[in-house]
A.B. asks: 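Sharing a structure with you now.
Everything numeric here is computed off the predicted structure, so don't read it as measured data. Chain naming here is simple, since letters A, B, ... match the order of the sequence lines and numbering starts at 1 in each.
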Amino acid sequence: MPYNFTAIEKKWQKYWLDHKTFAALDPAEAGGMPKSYVLDMFPYPSGAGLHMGHMENYTATDIIARYQRMIGMNVLHPTGWDAFGLPAEQYAIKTNRHPRELTETNIKNFRRQIQMAGMSYDWDREVDTTDPTYYKWTQWIFLQLFNSYFDPMNQKAMPIGHLVNELMNENYVVGPDGSVVTNPTQEGMEAITGEVRTERLWRELSPEEQRDTIDGQRLAYTDEIPVNWCPGLGTVLANEEVIDGKSEVGGFPVEKRPLRQWMLRITAYADRLIADLNQLQWPESLKEMQRNWIGRSVGAEVDFEVATVAATPASPPRKGDAGVAATEESEGSDEIDPITVFTTRPDTLYGATYMVLAPEHPLVDRITPAERRETIEAYRTQAGSKSDRDRMTDAKEKTGEFIGAYAINPINDEKIPIYIADYVLMGYGTGAIMAVPAHDERDWEFAKKFDIPIKAVVAPLSSTQSSVLSPQSSLDRPFTNEGVAINSPIINGMKTEEAKEHITAFLAADGVAHRAIKYKLRDWLFSRQRYWGEPFPIVLDEKDQAYAIDESELPLTLPPMEDFKPTGTAAPPLSKAKEWMKYESPRIAMRGLVRETNTMPQWAGSCWYYLRYCDPKNPDRFVDPEKEKYWMPVDLYVGGVEHAVLHLLYARFWHKVLFDLGHVSTREPFSRLVNQGLILGEVEYRGVKKDGEWIAYGEQVLPSIRSAIESGMLISAEEILGSDGCKWQVVSLSAEEVTKRQDGFVLSSNPAIRVDARSFKMSKSRGNVANPDEIIRDYGADAARLYVMYMGPLEQQKPWNTRDIVGMVRFLNAVWRNLVGDEEKNRVAKIKPIAIPEALDRQMHRTIKKVAEDIAALRFNTGIAELIKLNNEITGMEIIPRELAESLTLMLAPFAPHIAEELWLHLGHTKTLARRPWPTFDPAKLVESTMELPVQVNGKLRDKITVAADAEEALILEQAARSEKVVPWLAGKTVKKKLYVPKKLVNFVVG
RNA sequence: GCCCGCGUGGCGGAAAGGCAGACGCAACGGACUUAAAAUCCGUCGGUCGAAAGGCCAUGUGGGUUCGAUUCCCACCGCGGGCACCA
């Protein structure tokens, strides 16, 4: 009689909720208990409900949390809802419902599913990012960002007031581009003689300039820049949300469009975001993804003068094609600023044979001579109209145009032609490069196409002596590695590293170069033209100048709107809420102020939710400092790898700002992070039939059919008339069919016949989605939990297989039978306080040790295997020793909590086992008095011997050599070496 | 193209450089049953052999080692990330 999981699971779920069994203790109540903060990436409550990935994620952390409570730790294990965002809003529009209502429905469903799976969350700490009492503090943190700046001296965020003080005290001055730098002379800039002063003092600025300077330094600022505009979604998107030129949500095309948007100055933290990765226990691959995304490159900026000589050939120079028509340089040539390029290889400067500007580069207009204007304009228009996607697909073929002007290489005064080409991006570096075709793949391709000279200036290390390349020597491909400088007078013979430094220093002395660090990371585009997000706590004047509203005015709630649809233009839906937009406050003595109508992106709420869990109901602060200090950092954070450069980067950034401002106590939020592996759909099999007969899947199959199978395209049941006149058919098989046919024609192990077996990502369209609701209904939450953990290592990708769950069901039933007995039999009589037989006792202690180790190391699959083994051992025993029954029950509890609670009750306990001590093992009981040793001859196993655990080596070797099966292998041979690895094995090396 | 991870039975997967295949699924044989389900006992990488036992096996080929699934090199295949970032 199997146990009734439906009733038992429901009963304990109610018990846990009613008794608040998993409530985390606040620091004041915790006494000496060690704390542990175990966190999941909280779900986005989509309409589809919980999926298997959630189950895997939450079960893993749940096991840890339950285990840690059982060993006496104070565990914070919360959940909540990341409920703002595009998908709900899109769905709301489609189904003509309100996102608020839809979100509430979805949350209810998620909560039900999570509780049904027996997760041990502290439900008193549930948070919802769309709840005004929550997003009040999201807005508050935004104000912190708005009211602070990144201080160049202290390299950290500081209140904006500090900046104003430093400027007023003239410790800082304002650069020509509006940047703030330290005052080069404390005594006053008048002291610098003979220099043209470009920096200005605070008091020299007009009130407007003062204001612009301050606003330009804020960590949250507005800027009108080309942004990712997605017409399909009616909003702009962050770089991180655009994949291959399409929106991550919905897959709509994205185009560049200049718009005034809110930006967060994440780039200020680029260095710290990279450096602090080292202190984190995160998967190496994920750290690498963040490093690549931030993309730090060290190099130099070098200034190239634009050639101002009158005689300038207007046509592109070609090899062996001397300057043609000389024309006058266009107007204003004497005032053209030098063009600054960024390079990571300043050591190749002598090899620069041309220069390239991005099509959007502001200097293009100034330096293009009249007769080239038309051509250049045409190219710019064409390049500008290309979507990012086209630009990517076109990357193979280089395009560009000669501008008609030349630059002077500062190292050798050579005149090099200037091109524009779209392979140089305005958004990175300076938007201009020096092109060294001999040592860069892209420049090489371009130079080949436009027939530009290629000059080698770096030689491979090994070949320096033998073959010094001459400028004319033809390479057959670019040499992009480091090596030794050649054909470069001032650095010849130097290794790349040294050459870089030397040449940069040399040019720096003349003020034409300096060391520079560039990042791929851009500032975070933080506003969206959508309704379902946090409103900005900002008001604007008629010039779009932004003012923060006061903390006391928070939360600024979303107006309830009937029509929240995107406007189809850059005007956000909130711009239709005319009444809501009106703003008046005695604090700001201005009229005509209106509210900012953009909203924050989905990521805002998830940037700090882990802090709110520490103190979820606090009405006065986003988190109480004492509680924050107690719980932070998160000790274990588990979630999918898809957030590698989104949530995980954004949250680290916010956290660092809050740290700088003294609001949190740790530099990093998540000290240990684990990515659970994707759960794929069930394996699909495909075989091939020819004229209705199964045939070998291999060389005999039509190539078109074979490639369709191998690329995973489903063409099952589709008949194809082959060129050979035969009917070909690809047939999908279930696992059962494949198994059945093992003795028949389609046999997976038969090398002549291959049945293609693959698994794919779960998707509705493929129909391979396993639904947690159904699995729990059919097999129980305990069995479902066990199965998702037993499938394989947590971090590994693995295919779902419903068939296998029955193994876990049988295991639980067996435990039940062993400890409770069959219905008809006397139930309690099975358990008696008798001594455990020695061998079984030893196994029990080993299991206790192993299971604890496995849980701590997140090796749940092998931990469960140990429990199954122990249970198998007691299967069939008439009487079960009480101690063993209790140990097994307690060890089972983190994995299968419902049945464990019920068994615990059955064993005569009246209270939950949630905080009952975990069984301890006795090290003395782990050792055996005798041990079995494998005996090898030349590394091959030949026999096993049993010896006393403390036997001497000599005795063991002697016994091994005498063992029955080993003797023949040693007979007539010389034993060259006798090896004894203590407690491991014996190996004889014979000749 | 570059970077990272992974290749072990029919399947999911175990193995601090030391007995390859723990544990589960499937399959097969048996017990119980009128029967089925459930349960219990047993077999279960390939190959040769009646058996004892031998030989071959952790993607492929080399290397280090007394000994390699594990470490090193090269190649092949799969999965993921990045992709004109100068």
A.B. asks: Scan every strand shown for a Watson-Crick or G-U wobble partner of rG45(B), both distances under 3.5 Å, and answer none if you come up empty.
C.D. replies: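 Pairing partner, where one exists within any strand: rC56(B).
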A.B. asks: Do K944(A) and rC19(B) share a donor-acceptor pair, side chain to base, under 3.5 Å?
C.D. replies: yes
A.B. asks: Between R291(A) and rC4(B), is there a side-chain N or O to OP1/OP2 distance below 4.0 Å?
C.D. replies: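 Answer is no, no contact under 4.0 Å.
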A.B. asks: Any donor-acceptor pair under 3.5 Å joining the side chain of Q936(A) to the base of rG18(B)?
C.D. replies: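 Per atom types, the contact qualifies.
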A.B. asks: D443(A) near the nucleic acid: base, sugar-phosphate alone, or nothing, with a heavy-atom cut-off under 4.0 Å?
C.D. replies: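 Nothing: the residue D443(A), judged by heavy atoms under 4.0 Å, touches no strand.
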A.B. asks: I need the CH2-C1' distance between W444(A) and rA86(B), as an integer number of Å.
C.D. replies: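 In whole Å, rA86(B) C1' lies 17 Å from W444(A) CH2.
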A.B. asks: Look up atom NZ in K940(A) and atom CH2 in W969(A), then write down how far apart they are to the nearest 0.5 Å.
C.D. replies: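 That separation rounds to 7.5 Å.
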A.B. asks: Which nucleotide in the list rG12(B), rC25(B), rC55(B) gets nearest to the side chain of W969(A)?
C.D. replies: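 Within the option list, the nearest is rC55(B).
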A.B. asks: Within the 4.0 Å heavy-atom criterion, would you say Q796(A) contacts the bases, only the backbone, or no part of the nucleic acid?
C.D. replies: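 Sugar-phosphate contact only.
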A.B. asks: Between R296(A) and I294(A) (side chain of the first, backbone of the second, donor and acceptor by atom type, cut-off under 3.5 Å), is there such a pair?
C.D. replies: no
A.B. asks: If the cut-off is 4.0 Å, is Y787(A) near the phosphate of rG24(B), judged by side-chain N/O to OP1 or OP2?
C.D. replies: no
A.B. asks: Which whole-number value in Å describes the distance from E964(A) CD to rA52(B) P?
C.D. replies: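 Taking atom P of rA52(B) as the reference, CD of E964(A) is at 14 Å.
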A.B. asks: For rG53(B) and K965(A) - does any side-chain N or O of the residue sit under 4.0 Å from the phosphate oxygens OP1/OP2?
C.D. replies: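 So the side-chain polar atoms of K965(A) do come within 4.0 Å of the phosphate oxygens OP1 or OP2 of rG53(B), strictly under.
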A.B. asks: Does a nitrogen or oxygen in the side chain of K940(A) sit under 4.0 Å from OP1 or OP2 of rC56(B)?
C.D. replies: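 Yes, because at least one side-chain N or O of K940(A) sits under 4.0 Å from OP1 or OP2 of rC56(B).
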A.B. asks: Which comes earlier along RNA chain B counting from the 5' end, the contact point of T430(A) or that of R810(A), where each point is its nearest nucleotide?
C.D. replies: R810(A)
A.B. asks: Within the structure, does a side-chain N or O atom of N861(A) lie under 4.0 Å from either OP1 or OP2 of rA14(B)?
C.D. replies: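 So the side chain of N861(A) is within the cut-off, an N or O lying under 4.0 Å from OP1 or OP2 of rA14(B).
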A.B. asks: Roughly how many Å is it from CG in L680(A) to P in rC78(B), rounded to a whole number?
C.D. replies: 16 Å
A.B. asks: Using purine N1 to pyrimidine N3 plus N6-O4 or O6-N4 for Watson-Crick, or N1-O2 and O6-N3 for G-U wobble, each under 3.5 Å, what pairs with rA22(B)?
C.D. replies: none
A.B. asks: Any idea if rG29(B) is syn or anti, going by the 90°-from-0 cut?
C.D. replies: anti
A.B. asks: For the residue pair K398(A) and Y423(A), would you count it as a cation-pi contact if the rule is NZ or CZ under 6.0 angstrom from the ring centre and within 45 degrees of the ring axis?
C.D. replies: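 Cation-pi check for K398(A) and Y423(A): passes.
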A.B. asks: Do Y787(A) and W800(A) have ring centres separated by under 6.0 Å?
C.D. replies: yes
A.B. asks: Tell me the partner of rA50(B), counting only Watson-Crick (N1-N3 plus N6-O4 or O6-N4) or G-U wobble (N1-O2 and O6-N3) with both under 3.5 Å; none if nothing fits.
C.D. replies: none
A.B. asks: Should S297(A) be listed as having a side-chain N or O under 4.0 Å from OP1 or OP2 of rA86(B)?
C.D. replies: yes
A.B. asks: Taking the minimum atom-to-atom distance to the side chain of V424(A), which one of rG18(B), rG13(B), rA86(B) wins?
C.D. replies: rA86(B)
A.B. asks: Looking at K398(A) and rC84(B), is any side-chain donor or acceptor paired with a base atom of the opposite kind under 3.5 Å?
C.D. replies: yes
A.B. asks: Counting side-chain heavy atoms from C-beta on, which of rG54(B), rG12(B), rC25(B) comes nearest to R942(A)?
C.D. replies: rG54(B)
A.B. asks: At a heavy-atom distance below 4.0 Å, what parts of residues 514-521 of chain A sit against RNA chain B?
C.D. replies: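 By residue number: K520(A).
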A.B. asks: Tell whether N987(A) reaches the base of rC66(B) with its side chain through a donor-acceptor pair below 3.5 angstrom.
C.D. replies: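 Yes.
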A.B. asks: Can T399(A) and Y379(A) be counted as having a side-chain donor-acceptor contact under 3.5 angstrom?
C.D. replies: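 Indeed, the side chains of T399(A) and Y379(A) share at least one donor-acceptor pair under 3.5 Å.
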A.B. asks: When you measure from the side chain of P799(A), which nucleotide among rA86(B), rG12(B), rC23(B) comes out closest?
C.D. replies: rG12(B)
A.B. asks: Can you work out whether L979(A) or R522(A) has the more 5'-proximal nearest nucleotide on RNA chain B?
C.D. replies: L979(A)
A.B. asks: Kindly point out which of rC66(B), rC4(B), rC25(B) is positioned nearest to the side chain of S285(A)?
C.D. replies: rC4(B)
A.B. asks: For the side chain of N861(A) and the backbone of Y790(A), is there at least one donor-acceptor N/O pair under 3.5 Å apart?
C.D. replies: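 It does not hold such a pair.
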A.B. asks: Picking from rU39(B), rG12(B), rC55(B), which would you name as closest to the side chain of M791(A)?
C.D. replies: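 Looking only at side-chain atoms, M791(A) lies closest to rG12(B).
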A.B. asks: Quick check on K287(A): does its NZ atom have over 12 non-hydrogen neighbours (other residues, nucleotides or ligands) under 6.0 Å away?
C.D. replies: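 Yes.
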A.B. asks: Distance check, C1' atoms only: rA68(B) and rC73(B), in whole angstrom units.
C.D. replies: 15 Å
A.B. asks: Please determine whether ring pair (Phe, Tyr, Trp, His ring centres under 6.0 Å) holds for the pair Y419(A) and F446(A), giving the CA-CA distance in whole Å, both sets of side-chain angles, and the decisive distance to 0.1 Å.
C.D. replies: CA-CA 10 Å; Y419(A) 285 77; F446(A) 192 85; 5.4 Å; yes
A.B. asks: Using atom types as modelled and distance alone, determine if a side-chain donor or acceptor of R515(A) lies under 3.5 Å from a backbone N or O of A300(A).
C.D. replies: no
A.B. asks: Between R803(A) and rG24(B), is there a side-chain N or O to OP1/OP2 distance below 4.0 Å?
C.D. replies: no
A.B. asks: Can you tell me the distance, in whole Å, between the CG atom of L425(A) and the P atom of rA86(B)?
C.D. replies: 10 Å
A.B. asks: With a 3.5 Å limit on both atom pairs, tell me what rC2(B) is paired to, counting Watson-Crick and G-U wobble, or say none.
C.D. replies: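 The answer is rG81(B), by the H-bond criterion.
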